[in-house]
K.L.:
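So that we are looking at the same thing, I have put the structure below in structure tokens.
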Amino acid sequence: MDDNTRTAPGPWPEPVTVDKADPRYPDLVGRGVNARFPAAPAAIGLPATAGQVVRLVQDAVDTGRRLAVRSGGHCFESLVDHPEVDVVIDLSEMKAVGFDPETRAFAVEPGASLGALYRTLFLGWGVTVPAGRCPEIGVGGHVPGGGGGALSRRYGLSVDHLYGVQVVVADGSGRARLVTATREPGDPNRDLWWAHTGGGAGAFGIVTRYLFRSEEAEGRRVLPPAPAAVTKKTVRWSWDDLDETRFVALVRAFGRWHERNSAPGDPGAQLDNSLTLPRAGGGEITLETAVDAGRPDAAEQADALIAEVCRAAGTTPEVAADTRPFLAATLVPDEFAGVKGRFKSKAAFLRACWDEDAVARLYRRLTDRSGYHHPAAAFYLLSHGGAINAVGEGETAMAHRDAVLKAYGSVFWWDEREDDVHLGWIRETYHELFADAGGVPDPGRGYGGAFVNYADADFTDPELNRSGVPWHRLYFRGNYARLQEVKGRWDPREVFRHALSVRPPGA
């Protein structure tokens, strides 16, 4: 496959390099969404083809400059916007989506947003990739961490449909080159494909093309069909209606339902669910379900979950229902889309819901205003499991195949002078939730670990992670040693590195 292969012609024949004196620099350097991490690289490379990415990487290697790679710009930590990074390779103009007859797969460039991916695949072929809920996120950084979202309990993760990757790597001699790696058993580069099924972005090379094709693909339809319409149901509770006992019962009921309805093939695994638990004063507690409106049991499954949670809470709030066509339901902007502020998030996989004591501690953290008054903080429980858990832990690098929920906490603020206050609140709350495991979701003590796409560099800091559980155990579990072997083969010089990237063997 030629280095310059693309679905559409590039807008420029040479890679664009923008330095600090260039009027384009402010727009490119400011694409990161977290204002806690200002960026000031000496240059930003803007390629249009895979061959141009090779040239930019080779130039960085030859001149000894540290590089980082960006696609959508939604990194939560300073993995890209780091003070030691000299060159950022920005892939935002490599955004083609189309069908590649040579591989019989859908070829997607890393700069495409998830929204563009959904739209093009659906309108052109009626199919989809199960990926994230936020349409603004870039494919490039999302997929290598595993991907996944609203359709994953039904169809699995993004990487469960990843046939291959086209990657720019740098070998031990410092030569940058383009490699194609697929899941084919006889592919000599198969280990590089495997590393991109959960080993995290920016750790092994720069992916210039993702190839999606389901394992059981036959004929022209090589990806899952998208639903024609999606029915969403929403239930809201005012904090005034819930004391600690009712709050604990509500959260536990939501969690226990997922414990019983998250095995592959379970009818309840067709539902995508979330429970939003904001700080008191920051909004209502909200339960949302979404399901393919064409399923004959769609209403039955959603209503059963809602009824169970409402009974536990001892309330009967009004249920709002809304059915929309697939794209109208899917391309809903994230609530923080276009907003750049300071934030910190922390996440975990749960094999079972938190126990009553942990949920009670969460209630007190969300309602206590004696020492913390900020309303823009929340915890979320997001459904997991279903088809995700039909895949073995080592079949892909994404090892989290036994969880039923993802827990996600975040806090958002504007003023740099308030950093310590807000960081302290989210870190202390998270530590309390996992107090029985040293303050982290230790896979060896009943939890499921952490999701590398929800990057959290706290795990690498011995002052913040005193559990004795290494960061890579949380993110990659038993797959880390194999990932290190792949790193040693394909990136022995650590050209591609950041705080959460896989280290070479012995490092």
K.L.:
Among Asp86, Leu67, Val88, Val18, exactly one meets side chain to side chain contact (heavy atoms under 4.5 Å, CB included) together with Pro41. Which residue is that?
P.N.:
Val88

K.L.:
Once rounded to the nearest 0.5 Å, what's the spacing between atom CG of Asn273 and atom CG of Leu275?
P.N.:
9.5 Å

K.L.:
Set out, in order, the CA-CA distance, both residues' side-chain angles and the distance that settles side chain to side chain contact (heavy atoms under 4.5 Å, CB included) for Val502 and Tyr480, then state yes or no.
P.N.:
CA-CA 8 Å; Val502 172; Tyr480 188 62; 3.9 Å; yes

K.L.:
Would you sort out whether Tyr155 and Leu223 count as a side chain to side chain contact (heavy atoms under 4.5 Å, CB included), showing the intermediate values?
P.N.:
CA-CA 10 Å; Tyr155 291 136; Leu223 284 174; over 6 Å; no

K.L.:
Could you tell me whether a side-chain N or O of Gln52 sits under 3.5 Å from a main-chain N or O of Ala48, the two making a donor and an acceptor?
P.N.:
yes

K.L.:
Is it true that a side-chain atom of Asp81 and a backbone atom of Ser78 form a donor plus acceptor pair closer than 3.5 Å?
P.N.:
no

K.L.:
Can you name the closest pair of heavy atoms from Ala105 and Arg213 and give their distance?
P.N.:
CB-CB, 4.0 Å

K.L.:
Kindly state whether the ring of His196 and the ring of Phe204 have centres lying under 6.0 angstrom apart.
P.N.:
yes

K.L.:
Please step through ring pair (Phe, Tyr, Trp, His ring centres under 6.0 Å) for the pair His422 and Phe412, ending with a clear verdict.
P.N.:
CA-CA 8 Å; His422 300 302; Phe412 188 96; 9.9 Å; no

K.L.:
What distance do Asn34 atom CG and His74 atom NE2 have between them, rounded to the nearest 0.5 Å?
P.N.:
11.5 Å

K.L.:
Which value, rounded to the nearest 0.5 Å, describes the distance between Leu464 atom CG and Trp471 atom CH2?
P.N.:
16.0 Å

K.L.:
Salt-bridge test for Asp402 and Arg477: reply yes if a basic N is under 4.0 Å from a carboxylate O, no otherwise.
P.N.:
yes

K.L.:
Quickly, which of Phe212, Trp125, Tyr118 forms a ring pair (Phe, Tyr, Trp, His ring centres under 6.0 Å) with Phe106? Name it, please.
P.N.:
Trp125

K.L.:
Would you say Thr103 and Thr182 make side-chain contact, with heavy atoms under 4.5 Å?
P.N.:
no

K.L.:
Is it the case that the side chain of Ser71 and the backbone of Val139 share a donor-acceptor pair, with hydrogens and angles ignored and the cut-off at 3.5 Å?
P.N.:
no

K.L.:
Looking only at non-hydrogen atoms, find the nearest pair between Tyr163 and Glu184 and report the distance.
P.N.:
OH-OE2, 2.9 Å

K.L.:
With side chains defined as the heavy atoms from C-beta onward, is the minimum distance between Trp354 and Leu381 less than 4.5 Å?
P.N.:
yes

K.L.:
Just checking His472 against Phe459, ring centres under 6.0 Å apart?
P.N.:
no

K.L.:
Between Arg209 (side chain) and Gly164 (backbone), is there a donor-acceptor pair under 3.5 Å?
P.N.:
no

K.L.:
Tell me if the CG atom of Asp420 is crowded by more than 12 foreign heavy atoms within 6.0 Å.
P.N.:
no

K.L.:
Do His161 and Ser214 come close enough that some side-chain heavy atom pair is under 4.5 Å?
P.N.:
yes

K.L.:
Could you tell me whether Lys95 and Glu93 have a side-chain N and a carboxylate O separated by less than 4.0 Å?
P.N.:
yes

K.L.:
Which heavy atom of Pro110 sits nearest a heavy atom of Thr208, and at what distance?
P.N.:
CD-O, 3.2 Å

K.L.:
So, taking the atom named OG1 in Thr128 and the one named CZ in Arg119, what distance separates them when rounded to the nearest 0.5 Å?
P.N.:
13.5 Å

K.L.:
Could you grab the distance from atom CG of Leu405 to atom CG of Leu350, nearest 0.5 Å is fine?
P.N.:
5.5 Å

K.L.:
Would you say the side-chain atoms of Asn465 pair up with the backbone N or O of Val469, donor to acceptor, closer than 3.5 Å?
P.N.:
yes

K.L.:
Check whether Lys340 reaches the backbone of Gly32 with its side chain - one donor and one acceptor, N or O, closer than 3.5 Å.
P.N.:
yes

K.L.:
Working note: Val61 + Arg493, criterion side chain to side chain contact (heavy atoms under 4.5 Å, CB included); need CA distance, chi angles, decisive distance, verdict.
P.N.:
CA-CA 10 Å; Val61 173; Arg493 297 162 62 111; 3.9 Å; yes

K.L.:
Has Arg279 got a side-chain atom pairing as donor or acceptor with Ala376's backbone, closer than 3.5 angstrom?
P.N.:
no

K.L.:
Examine Lys346 relative to Phe76 and say whether NZ or CZ is less than 6.0 Å from the centre of the six-membered ring and inside a 45° cone about the ring axis.
P.N.:
no

K.L.:
Would you say the side chains of Thr63 and Arg65 form a donor-acceptor pair under 3.5 Å?
P.N.:
yes

K.L.:
Could you go through Gln166 and Leu178, starting from their C-alpha distance and side-chain angles, then the distance that decides it, and tell me whether this counts as side chain to side chain contact (heavy atoms under 4.5 Å, CB included)?
P.N.:
CA-CA 7 Å; Gln166 186 183 61; Leu178 188 67; 3.6 Å; yes

K.L.:
Are any side-chain N or O atoms of Arg351 and backbone N or O atoms of Ala403, one a donor and one an acceptor, separated by less than 3.5 Å?
P.N.:
no

K.L.:
Just checking, any donor-acceptor pair under 3.5 angstrom between side chains of Trp490 and Asn189?
P.N.:
no

K.L.:
Tell me, do Val53 and Met94 make a side-chain contact under 4.5 Å, heavy atoms counted?
P.N.:
yes

K.L.:
Could you walk me through whether His498 and His82 pass the ring pair (Phe, Tyr, Trp, His ring centres under 6.0 Å) check?
P.N.:
CA-CA 9 Å; His498 52 69; His82 190 281; 9.9 Å; no

K.L.:
Does some side-chain heavy atom of Asp191 sit less than 4.5 Å from a side-chain heavy atom of Glu485?
P.N.:
no

K.L.:
Count the heavy atoms of every other residue, nucleotide or ligand shown that sit under 6.0 Å from CZ of Arg154, and state whether that count exceeds 12.
P.N.:
yes

K.L.:
Taking the side chain as every heavy atom from C-beta outward, state whether Ser345 and Asp456 have any atom pair closer than 4.5 Å.
P.N.:
no

K.L.:
Are Glu393 and Arg482 ion-paired here, with the side-chain N under 4.0 Å from a carboxylate O?
P.N.:
no

K.L.:
What's the shortest heavy-atom distance between Asp415 and Trp413, and which atoms?
P.N.:
O-CD1, 3.2 Å

K.L.:
Which heavy-atom pair separates Ala399 from Asn479 by the least distance, and what is that distance?
P.N.:
CB-ND2, 3.4 Å

K.L.:
Do Trp425 and His374 come close enough that some side-chain heavy atom pair is under 4.5 Å?
P.N.:
no

K.L.:
Quick one: do the Ser92 and Arg70 side chains pair a donor with an acceptor below 3.5 Å?
P.N.:
no

K.L.:
Does Asp100 use its side chain to pair, donor to acceptor, with the backbone of Ala107 at less than 3.5 Å?
P.N.:
no

K.L.:
Between atom CG of Leu474 and atom CZ of Phe451, what is the distance when rounded to the nearest 0.5 Å?
P.N.:
14.5 Å

K.L.:
Please report the shortest heavy-atom distance between Ala347 and Ala450, naming the atom on each side.
P.N.:
O-CB, 4.0 Å

K.L.:
Any side-chain donor paired with an acceptor under 3.5 Å for Arg401 and Thr396?
P.N.:
yes

K.L.:
Please confirm whether the backbone N or O of Glu259 pairs with a side-chain atom of Ser262, one donor and one acceptor, at under 3.5 Å?
P.N.:
no

K.L.:
I'd like to know if Glu77 pairs up with Lys344 as an ion pair, taking the criterion as any Lys NZ or Arg NE/NH1/NH2 lying under 4.0 Å from an Asp or Glu carboxylate oxygen.
P.N.:
yes

K.L.:
When you check the gap from the basic side-chain N to the acidic O, do Asp419 and Arg342 get nearer than 4.0 Å?
P.N.:
yes

K.L.:
Pick from Tyr380, Tyr408, Tyr430: which one makes a ring pair (Phe, Tyr, Trp, His ring centres under 6.0 Å) with Tyr454?
P.N.:
Tyr408

K.L.:
Below 4.5 Å, heavy atoms only, C-beta onward: do Glu428 and Arg365 meet side chain to side chain?
P.N.:
yes

